[in-house]
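What follows is a short report on a single structure.
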Protein chains: 2
Amino acid sequence: MELRQLKYFLKAKELLNFTEAASALYISQSTLSQQIKQLEDELQVPLFNRIGKRITLTEAGELFSVYAQQSVNKASDGLQLLKDLNKLETGKIAIGVTYALRHVVTKALILFSSEYPKIQFEIIFGTSQELIQKLNHFQLDVILTFEEIASEAHFKYLELFTSPMALVTSSETSLKNKKTISLEEISTLPLAMPAGGFSTTQFISKAFEKNNLHPNVTIEINDIPTLLELIKTGKWHTILTKTTIEDEKDLYAIPIKGENMTRTAMLISLKEVYEKKAVKAFLKMLVENLK
Amino acid sequence: MELRQLKYFLKAKELLNFTEAASALYISQSTLSQQIKQLEDELQVPLFNRIGKRITLTEAGELFSVYAQQSVNKASDGLQLLKDLNKLETGKIAIGVTYALRHVVTKALILFSSEYPKIQFEIIFGTSQELIQKLNHFQLDVILTFEEIASEAHFKYLELFTSPMALVTSSETSLKNKKTISLEEISTLPLAMPAGGFSTTQFISKAFEKNNLHPNVTIEINDIPTLLELIKTGKWHTILTKTTIEDEKDLYAIPIKGENMTRTAMLISLKEVYEKKAVKAFLKMLVENLK
DNA sequence: TTTCTAAATCGGTTTTGTCGATTGATTATA
DNA sequence: TATAATCAATCGACAAAACCGATTTAGAAA
């Protein structure tokens, strides 16, 4: 049993397809087949069921995969530890962000990179669900998003700040004199909204439902920059957290009246995984930069 | 980085001597040197300091060894899990026992083996310290001993029963009419005692000290069966937990007066290590057999 | 100094991981 | 129903690497 074989096995488990797994591992399908077989021989139990040309995990494979993953993780944690030891001269930080919190990351990123220019970054934008899935697959070190309803036991949470939900309009708006606005008033306006996958959209549509209101949504779109372009024309309005347009000069945000009309930004990471020194330093800088 | 290399590294760390480590691993010293070097190259940091012809761990090696050990453990836990899955048809149980609790293990062993004849056993007798060291090196699954003063965080403890400290004499003794006996009376008798390494001896000599008594110890010996042979001659007495001579017909135990003159037998095992199904079954049978 | 010991290094052998091509068997398609 | 496409297993050949014994290097002991 070698780490190489465990990695092969885990990739095959993930994709449930030897050909694709082999390709993802940059080895031939023949090699993967042989190595899996060799592992099974050593363990004296099949890890995959071969049903025709399809494969599924056996019970043994399912149980074993937990330990295989942990073994692989511990080894890579050890490797990471040594890299960190090297005074942040190396290392990679993978962060997932919901678009609304874009400016929080970019500000910290610029600051951090000037102090530690050798640290690599991978910034992934996506919906909360997408990011959480990636976090669970060890593809991200940390994600920055709004609070989730279901808090999971294997996650660490750190609250950052709260931001009010707001009606977002063009700067040349007739609503400019308003300090706040009600959901009722909003339901009379033409709206362009982020698509259903975005947690903010889910959040706000529940609020409308509760108050028996039917908003006038004429556009749904899954790209926020494009959405903002549309809003700037003045023909539509949208609803976002205020923090989303922090750096947008041509847009104007009017907080929405009512309780629970705020969202909490938080950092989410995995418990019981070695936290990279570079990530720790970056998050520290990020948090301090908020003040 | 492969598990093979991690195992090599850990053995070298343990012995701090490449030649001996290689021999323990049944490989040549040349191979070990090369594999360690290769690992160091990959990690881009030396794991050992080469001070002359002596080696010591570097800080990096010290830190890395924790993860290396965990990685190796997780893999072998996974392997063990699969063996267990095989309905206790295979597997090995390694138990450490202090001699005093010999009969507890032997009784359970006989019972268990008739139900699961294919399970292998390794029974190691030793002092508490020796056994605990072996437990920490993953050479034992569980140990059966009396309570330790310092309870460690990475151990699981399960209390079994208490047994009084007792003066042990030959069955043909003039003391036979006594129901209990005081430390003072004992200090007048000729004693043969287990050697200083045994926790019972440490326990009882502290009790004598507290009461300003000086026992008349004429023999110290580090083998309990031999000690018992001597006691049977009637020329000496000794002090042991009553349970030690449970199966000895030629010996007689008189409980010692005073508070805290009992000891608690317990099972100790490692937390956060996969518990073998066979071990679990054996311990269950052992505990139920006490009732 | 000489002797001894332990790690590093060198060259050669064996093992094993890998590949491409092929086979056999199942699923999808015309 | 026949045909094409797909996927895992297998085979033989090759290259990589793990391994060994012998030798070198150098610190420690006598």
Side-chain angles (χ1 to χ4, degrees), chain A residues 1-62 64-65 68 71-72 75-76 79, chain B residues 1-62 64-65 68 71-72 75-76 79:
Chain A
M1 184 170 19
E2 294 297 342
L3 286 174
R4 174 176 32 78
Q5 295 171 314
L6 298 183
K7 288 172 190 165
Y8 291 177
F9 163 61
L10 289 169
K11 182 58 79 176
K13 182 213 157 183
E14 187 188 333
L15 300 178
L16 287 179
N17 180 318
F18 280 13
T19 307
E20 283 179 34
S23 147
L25 292 162
Y26 303 106
I27 58 173
S28 71
Q29 172 265 320
S30 147
T31 299
L32 182 63
S33 260
Q34 289 178 59
Q35 289 292 306
I36 295 284
K37 183 177 161 52
Q38 187 174 316
L39 184 58
E40 289 177 322
D41 285 350
E42 184 179 348
L43 301 176
Q44 304 201 44
V45 58
L47 298 170
F48 293 97
N49 299 302
R50 277 76 166 178
I51 314 165
K53 68 177 186 177
R54 191 161 294 167
I55 57 172
T56 61
L57 269 188
T58 60
E59 188 198 359
E62 192 68 60
F64 182 71
S65 71
S71 179
V72 170
S76 73
L79 181 62
Chain B
M1 182 168 22
E2 294 297 341
L3 286 174
R4 174 175 34 75
Q5 296 171 315
L6 297 183
K7 288 172 190 165
Y8 291 176
F9 163 61
L10 289 169
K11 181 57 81 177
K13 182 214 157 183
E14 185 187 335
L15 300 178
L16 286 177
N17 179 318
F18 281 12
T19 308
E20 284 179 32
S23 147
L25 292 163
Y26 303 105
I27 59 173
S28 71
Q29 172 265 321
S30 145
T31 299
L32 183 63
S33 261
Q34 290 177 55
Q35 288 294 304
I36 295 285
K37 184 176 160 52
Q38 187 176 316
L39 184 58
E40 290 176 322
D41 285 350
E42 184 178 348
L43 301 176
Q44 304 201 46
V45 58
L47 298 170
F48 292 98
N49 299 303
R50 277 76 167 178
I51 314 168
K53 65 180 188 179
R54 191 162 294 165
I55 56 171
T56 61
L57 269 188
T58 60
E59 188 197 358
E62 192 69 61
F64 182 70
S65 71
S71 178
V72 170
S76 72
L79 181 62

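Below, read A as the first sequence line, B as the second, and so on, with proteins coming before strands; counting in each chain starts at 1.
Counting to the nearest Å, the C1' atom of D:dA17 and the CZ atom of A:Arg4 are 10 Å from each other. Atoms CD (A:Gln5) and C1' (C:dG17) sit 10 Å apart, rounded to a whole Å. A straight line from CD of B:Glu40 to C1' of C:dT9 spans 15 Å, rounded to a whole angstrom. Computed from coordinates, the B:Asp41 CG to D:dA18 P distance equals 12 Å when rounded to whole Å. When the C1' atom of D:dC19 is taken as reference, atom OH of B:Tyr8 falls 8 Å away, rounded to whole Å. If you take CG of B:Leu32 and P of D:dG21, they are 14 Å apart, rounded to a whole angstrom. In this structure, CD of B:Glu20 is placed 13 Å from P of C:dT5, rounded to the nearest angstrom. The distance between atom CD of B:Glu2 and atom P of D:dC19, rounded to the nearest whole Å, is 11 Å.
Distance from the side chain of B:Phe18 is smallest to C:dA8 among C:dA8, D:dA9, D:dC19.
At a threshold of 4.0 angstrom between heavy atoms, the contacts of A:Thr19 are confined to the sugar-phosphate backbone, with no base atom among them. B:Gln35 comes within contact range of the sugar-phosphate backbone alone, with a heavy-atom separation under 4.0 Å but no base atom that close. When heavy atoms are screened at a 4.0 angstrom cut-off, A:Ile27 is found touching the sugar-phosphate backbone but no base atom. Contacts of A:Phe48 with the nucleic acid, taken as non-hydrogen atoms under 4.0 Å apart, are absent.
If one axis is set at each end of the helix from C:dT1-D:dA30 to C:dA30-D:dT1 from five pairs, those axes are 30° apart, to 10°.
Minimum heavy-atom separation, A:Thr58 to A:Pro46: OG1-O, 2.9 Å. Residue B:Leu10 comes nearest to B:Ser65 through the heavy atom pair CD2-O, 3.8 Å, listed as atom of the first residue, atom of the second, then distance.
Side-chain atoms of B:Gln29 do not come within 3.5 Å of backbone N or O of B:Phe18 as any donor-acceptor pair. Formation of a donor-acceptor pair under 3.5 Å by the A:Ser33 side chain with backbone atoms of A:Ser30 is not found in this model.
Residue A:Ser33 places at least one side-chain N or O closer than 4.0 Å to OP1 or OP2 of D:dA9. Side-chain N/O atoms of B:Asn17 include none lying less than 4.0 angstrom from OP1 or OP2 on C:dT5. For the pair A:Gln38 and C:dG17, the criterion of a side-chain N or O lying under 4.0 Å from OP1 or OP2 is met. Distances shown here put every side-chain N or O of B:Tyr26 at or beyond 4.0 Å from the OP1 or OP2 atom of D:dA18.
With salt bridges taken as basic N to acidic carboxylate O contacts below 4.0 Å, none links A:Glu40 and A:Lys37.
Counted within 6.0 Å of CD on A:Glu14, heavy atoms from surrounding residues, nucleotides or ligands total more than 12; the atom is thus considered enclosed. Shown here is A:Arg50, whose CZ atom has more than 12 heavy atoms of other residues, nucleotides or ligands within 6.0 Å.
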Determine whether B:Phe48 and B:Leu57 satisfy the following criterion, side chain to side chain contact (heavy atoms under 4.5 Å, CB included), listing intermediate values before the conclusion. CA-CA 4 Å; B:Phe48 292 98; B:Leu57 269 188; 3.7 Å; yes
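Each of B:Gln34 and A:Lys37 was assigned the nucleotide of DNA chain D with the nearest heavy atom; the assignment lying further toward the 5' end belongs to A:Lys37. Taking the nucleotide of DNA chain C with the nearest heavy atom to each of A:Arg54 and A:Ser28, the more 5' of the two is matched to A:Ser28.
Between the side chain of A:Ser30 and the base of C:dG20, a donor-acceptor pair under 3.5 Å is found.
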